[in-house]
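Lettering of chains follows the sequences in order, A, B, ..., and the numbering in each one begins at 1. Everything numeric here is computed off the predicted structure, so don't read it as measured data.
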Amino acid sequence: MRILIANRGEIASRIIRTVKRLGMYAIAVYHGEDRNAPFVAEADDALELHADLPSAAYLDIAQIFCIANRTSATAIHPGYGFLAENPEFARSAQASDLLFIGPSPEVMEVMGDKIRARLAAEKAGLPLVPSVSIKNASEATQLHASGLAFPLLIKAAAGGGGRGMRLVRGEYELQDQLDAASREAVRYFQDGRVYLERYLEDVRHIEVQVFGDGKGGALHLGERDCSIQRNYQKLIEETPAPGIDDTLREEICLAALRLVRQTNYAGAGTIEFMLAPDGQYYFLEMNTRLQVEHPVTECVTGLDLVELQIEVAQSGRLPMTQNKITFSGHALEARICAEDPDRNFLPSTGRLIRQVVPQGERIRFDSGVREGQRISASFDSMLGKLVVHDEDRPQTIRLAIKALDQLVLLGLTTNQDFLGRVLSHRAFQDQAPRTNFLTVHDAELRTPSMGAKERDHLLIAALLGARDAIRLAEVSAVLRARLIP
Amino acid sequence: MTEFSLDGRRSKVRISRYAPNMEVSVDGQVYRVEPLPSQVPGSFRLSVEGEEMQGWCGIKGASVYLRLNGRTHELVKHELRPGEGRGAQEGEICAELPGNLLSIHCSPGDKVRAGDLLMITESMKMEVRVLADRDGEVGEIFLETGQSFDQGEPLMRLANL
């Protein structure tokens with residue numbers, strides 16, 4: 001198989017790794033700004049995409065298929081983000097006789113429309129957050145009829161992933177917020193439809209990794225807890241979800257399976273739920289792709305999810321039965337991003353001059369960047385994922401803290417130390433975090449100020465370290481000069 | 001002398017003594033410092049007042065990136081112009097190139113004449129005879145034989161008579 005990876009950065013590297021391990025041919029596409037990114041060199045072949053806006057390059061369906069043609073690709077892996085959940089892309093693959101490693105365009109359309117997705121989930125017997133579709137405030141009576149009370153969340157039907165949501169506190173602002181939400185939805189998703197949902201506070205984000213064979217066959221690979229989020233962007237994910245008893249876990253996973261069967265889902269997917277403090281869980285949405293945080297599932301199951309995706313796409317069969325899937329230990333992932341926690345997580349840019357990755361049997365670092373690479377604001381700010389796996393949650397957290405400590409990224413500001421503070425926080429360690437964790441503990445997670453002695457030590461290290469660094473740089477320059485033929 | 005900006009404040013740092021023990025002055029506060037061997041390029045090991053520390057350092061233009069004690073910092077380096085109070089003290093003989101000290105041919109207290117042999121060093125695989133550039137009295141010799149030095153580093157003091 002010749003697989004074209006329609007993506008970039010760490011996920012492209014990660015997919016290429018499995019493609020090559022399976023003895024298959026990996027084709028990468030990249031925008032010029034990514035030419036020094038590791039994934040380009042890691043692929044068996046890499047062709048350039050052209051676009052004014054670098055991110056637009058990875059959305060250019062026509063160019064990507066052109067390259068697929070030129071390279072005689074036989075399959076496409078869309079990764080996550082970009083075109084991964086684009087039905088047109090999946091359809092074009094089918095039309096070009098290319099194997100699309102993902103679900104059908106039809107189910108993408110259903111799950112991409114949050115209103116239709118809710119209906120599908122309801123049909124499969126999944127619990128839903130009470131909701132109603134209204135177009136203007138005059139229909140507010142419907143709210144009471146549907147058992148909804150303020151505060152409410154307005155969501156865009158074509159939104160998802162935390163985007164296109166507005167909080168409405170009372171009837172007094174309902175019309176204004178509905179209008180604004182609809183306008184935004186048109187702007188961002190080209191679809192102004194919105195619906196209202198009961199606003200649940202203090203919830204946890206629990207999701208289930210599933211696989212389907214497209215014919216009603218379904219498997220689950222356990223759940224993940226992704227409650228540590230900032231502005232609905234996940235930062236830390238772990239499995240198993242802490243503090244959930246086996247009965248509830250089983251129930252949530254079985255609910256997820258029902259949806260997979262109900263929709264004849266094919267390939268890898270993730271079904272997201274909200275878990276309320278009272279133990280009630282509600283369907284949130286389904287993501288019809290591989291997710292960023294899939295490595296934690298790989299750690300505890302020992303399975304390669306990209307390999308599974310390829311196998312299911314090729315054979316149309318699930319390669320194992322549910323009882324063959326075992327879970328061992330605890331795994332956690334922290335997303336390392338080029339952001340400045342001291343400046344409200346403003347994206348940082350710059351040339352990465354040093355990258356030292358923590359080593360260890362139970363440590364995995366999926367990096368999307370290499371030393372010397374210039375990180376710009378053109379793309380998502382995630383540089384890599386630190387994944388650790390140990391026997392239980394306390395040991396896993398300890399290992400993650402240690403690994404974060406050993407990680408060295410010099411040349412631009414990252415959230416690495418902020419993540420360390422989150423993991424070291426008593427509340428994170430002792431309790432199952434809620435999605436409001438970072439807001440609630442914001443003040444305690446700020447960068448601590450430095451003592452005078454620490455400052456002086458730093459200055460001494462800077463002076464001497466800089467001298468050595470200069471010397472090293474000069475030596476390397478001389479050596480490099482000698483190496484030029 | 002180097003001035004660094006760190007956390008919104010500037011500080012002056014310099015190596016105030018090379019031998020017999022290195023001393024670094026930070027805004028006037030003097031610390032005994034011992035650079036320790038480090039296995040990995042880009043990482044450093046130091047002992048400051050007996051406290052050992054290990055970290056990583058990289059420079060990019062005027063920025064110095066440092067990772068120490070589990071925290072990454074960015075400092076901005078301001079090199080002070082020569083004469084603005086930094087490198088050689090009056091009466092010091094400094095190395096023109098980085099190298100190693102092979103042998104010492106004088107002692108503190110000696111009165112020497114211009115042209116007298118003071119030390120023999122090795123730089124770029126060549127032997128360099130360090131001669132007195134004037135008449136003077138030998139003062140402190142900062143290095144021991146076998147030790148290496150940087151370009152511009154003071155080797156010894158030669159006081160004017």
So for [X], is it side chain, backbone, both, or neither that comes closer than 4.5 Å to the heavy atoms of chain A?
X	answer
B:L6	both
B:V13	both
B:L66	both
B:S63	neither

For this session: For the pair A:L459 and B:V24, evaluate side-chain contact (heavy atoms from CB on, under 4.5 Å) and give the outcome as yes or no after the intermediate values.
Result: CA-CA 10 Å; A:L459 289 159; B:V24 177; over 6 Å; no
For this session: Check the surroundings of atom CZ in A:R370: do more than 12 heavy atoms from other residues, nucleotides or ligands lie under 6.0 Å from it?
Result: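 Atom CZ in A:R370 is crowded, with more than 12 foreign heavy atoms closer than 6.0 Å.
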Exercise. Counting heavy atoms not belonging to B:R134, are there more than 12 under 6.0 Å from its CZ?
Worked result: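 Atom CZ in B:R134 is packed in, count exceeds 12.
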For this session: Please assess B:R67 against A:D417 for the test salt bridge (charged side-chain N to carboxylate O under 4.0 Å, His left out), listing each intermediate value before the final yes or no.
Result: CA-CA 10 Å; B:R67 183 157 177 82; A:D417 299 335; 2.9 Å; yes
For this session: Please state whether the side chain, the backbone, both or neither of A:L409 comes within less than 4.5 Å of a heavy atom of chain B.
Result: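 Contact with chain B involves the backbone of A:L409 alone.
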Exercise. Measuring heavy-atom distances to chain B, does A:L458 have an atom under 4.5 Å in its side chain, in its backbone, in both, or in neither?
Worked result: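 It is both, since atoms from each part get that close.
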Exercise. With distance as the sole test, does A:R354 use its side chain to make a donor-acceptor pair with the main-chain N or O of B:Y65 at under 3.5 Å?
Worked result: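 Not a single qualifying donor-acceptor pair exists.
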Problem set entry | Main-chain N/O of A:R351 paired to B:K60 side chain as donor or acceptor, under 3.5 Å |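 Yes; judged by distance alone, with no hydrogens or angles, the pair exists.
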For this session: Work out which heavy atom in A:G465 is nearest to a heavy atom in B:C57; give both atom names and the distance.
Result: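 Shortest heavy-atom separation between A:G465 and B:C57 comes out as C-SG, 3.5 Å.
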Exercise. For A:T447 and B:R71, does a side-chain donor sit closer than 3.5 Å to a side-chain acceptor?
Worked result: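 No.
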Exercise. Checking salt bridge (charged side-chain N to carboxylate O under 4.0 Å, His left out) for the pair A:K453/B:E51: CA distance, chi angles, key distance, verdict?
Worked result: CA-CA 11 Å; A:K453 188 172 95 164; B:E51 207 179 307; 3.1 Å; yes
